[in-house]
Amino acid sequence: MAIEAMLPVRLVDAPSLSTIEAIVIIAQRVLTYAVPGNACDVMISLCAPVRGEREWSCAYEIVWPGEPRRGFGYGVDGAQALLLALQAIGTEIYTSNHHRSGWLYWEQPGQGYGFPVPSAIRDLLVGEDARLYG
């Protein structure tokens, strides 16, 4: 199921978050994608919620190997936008081919990534994520 169908999130083609001065990055996490014989970082950036005319938005970026993905969580206030952006990150990770490969990890393989997901996909959680969010 596409992420867009599960959350009030929009994926966008935009400049890298690090190149947009108006966006304040409030948190980052680095996952490791370790295919046999090669490992690379998967940088996740989360920006501060921003108030719009009718809604709040919270931008995020996941820099997958060769394909950065950017999106926004939207909410009636900054807290909701932030939570929905975190869930969108978790959804993208757990529904990715990188996760399904078994070669993606945060601190230790099989222990999860530390991001919540919506209830509809909690059966995909592993390790500490399953214990905390499942």
Side-chain angles (χ1 to χ4, degrees):
M1 176 178 287
I3 295 169
E4 293 85 6
M6 298 169 57
L7 294 172
V9 167
R10 294 178 205 135
L11 297 175
V12 295
D13 290 322
S16 171
L17 294 180
S18 61
T19 65
I20 302 174
E21 292 180 27
I23 293 179
V24 177
I25 296 174
I26 59 170
Q28 292 185 308
R29 174 162 293 161
V30 179
L31 306 181
T32 301
Y33 185 57
V35 297
N38 190 21
C40 63
D41 290 343
V42 175
M43 175 66 75
I44 300 168
S45 298
L46 181 66
C47 297
V50 176
R51 186 179 198 156
E53 288 183 31
R54 297 181 336 160
E55 60 195 6
W56 285 72
S57 64
C58 186
Y60 67 90
E61 177 179 58
I62 304 174
V63 183
W64 296 108
E67 63 171 308
R69 303 256 305 171
R70 295 173 258 330
F72 295 84
Y74 291 91
V76 296
D77 59 22
Q80 184 181 35
L82 178 63
L83 175 61
L84 293 175
L86 288 168
Q87 287 184 339
I89 292 168
T91 299
E92 283 204 50
I93 292 169
Y94 273 104
T95 60
S96 72
N97 289 332
H98 299 89
H99 167 72
R100 284 190 288 277
S101 75
W103 296 330
L104 182 67
Y105 64 93
W106 178 27
E107 293 181 322
Q108 297 177 358
Q111 290 302 305
Y113 310 105
F115 289 98
V117 299
S119 59
I121 63 166
R122 288 195 183 136
D123 59 311
L124 299 177
L125 297 175
V126 298
E128 287 297 298
D129 288 353
R131 188 179 71 77
L132 293 171
Y133 306 119

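For clarity, every value in this text was computed on a predicted model and none was experimentally measured.
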Can you name the closest pair of heavy atoms from Val126 and His99 and give their distance?
-> CG1-CE1, 4.3 Å
Kindly give the heavy-atom pair with the smallest separation between Ala81 and Gly73, and that separation in Å.
-> CB-O, 3.7 Å
Quick one: do Val50 and Trp56 end up in the same hydrophobic cluster if we chain Ile, Leu, Val, Met, Phe, Trp and Tyr together by side-chain heavy atoms under 4.5 Å apart?
-> no
Checking Arg122 side chain against Ala130 main chain: does a donor-acceptor pair fall under 3.5 Å?
-> no
Starting at CZ of Phe115, measure out to CG of Leu132 and round the result to the nearest 0.5 Å.
-> 13.5 Å
Shortest non-hydrogen separation from Tyr74 to Ser57 and the atoms involved | CE2-CB, 3.5 Å
d(Leu124 CG, Ile93 CD1) to nearest 0.5 Å is 12.5 Å
Shared hydrophobic cluster for Trp103 and Val42 (ILVMFWY, side-chain gaps under 4.5 Å) = yes
Distance flag, aromatic centroids of Trp64 and His98, threshold under 6.0 Å | yes
Rounded to the nearest 0.5 Å, what separation is found between the CD atom of Glu61 and the CZ atom of Arg70?
-> 5.0 Å
Determine, using the 4.5 Å side-chain heavy-atom cutoff (strictly less than), whether Leu46 and Tyr94 are members of one ILVMFWY cluster.
-> yes
Give the minimum heavy-atom separation between Phe72 and Ala59, together with the two atoms involved.
-> CE2-CB, 3.4 Å
Are Trp106 and Val117 grouped together when hydrophobic residues (ILVMFWY) are joined by side-chain heavy atoms under 4.5 angstrom apart?
-> yes
Audit row: Glu92, Tyr60, side chain to side chain donor-acceptor pair (under 3.5 Å) steps and yes/no | CA-CA 11 Å; Glu92 283 204 50; Tyr60 67 90; 2.7 Å; yes
Using a cut-off of 6.0 Å, state whether more than 12 heavy atoms not belonging to Arg100 lie near its atom CZ.
-> yes
Rounded to the nearest 0.5 Å, how far does CD1 of Ile89 lie from CG of Leu84?
-> 11.5 Å
Point-to-point distance, once rounded to the nearest 0.5 Å, from CG of Leu83 to SG of Cys58 | 10.0 Å
Please examine the side chains of Thr91 and Pro118, heavy atoms only from C-beta on, and report whether any two atoms are closer than 4.5 Å.
-> yes
Which pairs of donor and acceptor atoms, one on a side chain in residues 23-38, lie under 3.5 Å apart (sequence neighbours left out)?
unit_1 : atom_1 : unit_2 : atom_2 : d
Gln28  : NE2    : Ser45  : OG     : 2.8
Arg29  : NH1    : Tyr113 : O      : 2.8
Arg29  : NH1    : Gly114 : O      : 3.3

Rounded to the nearest 0.5 Å, how far does SG of Cys47 lie from CG of Leu82?
-> 10.5 Å
Does Asp77 use its side chain to pair, donor to acceptor, with the backbone of Ala79 at less than 3.5 Å?
-> yes
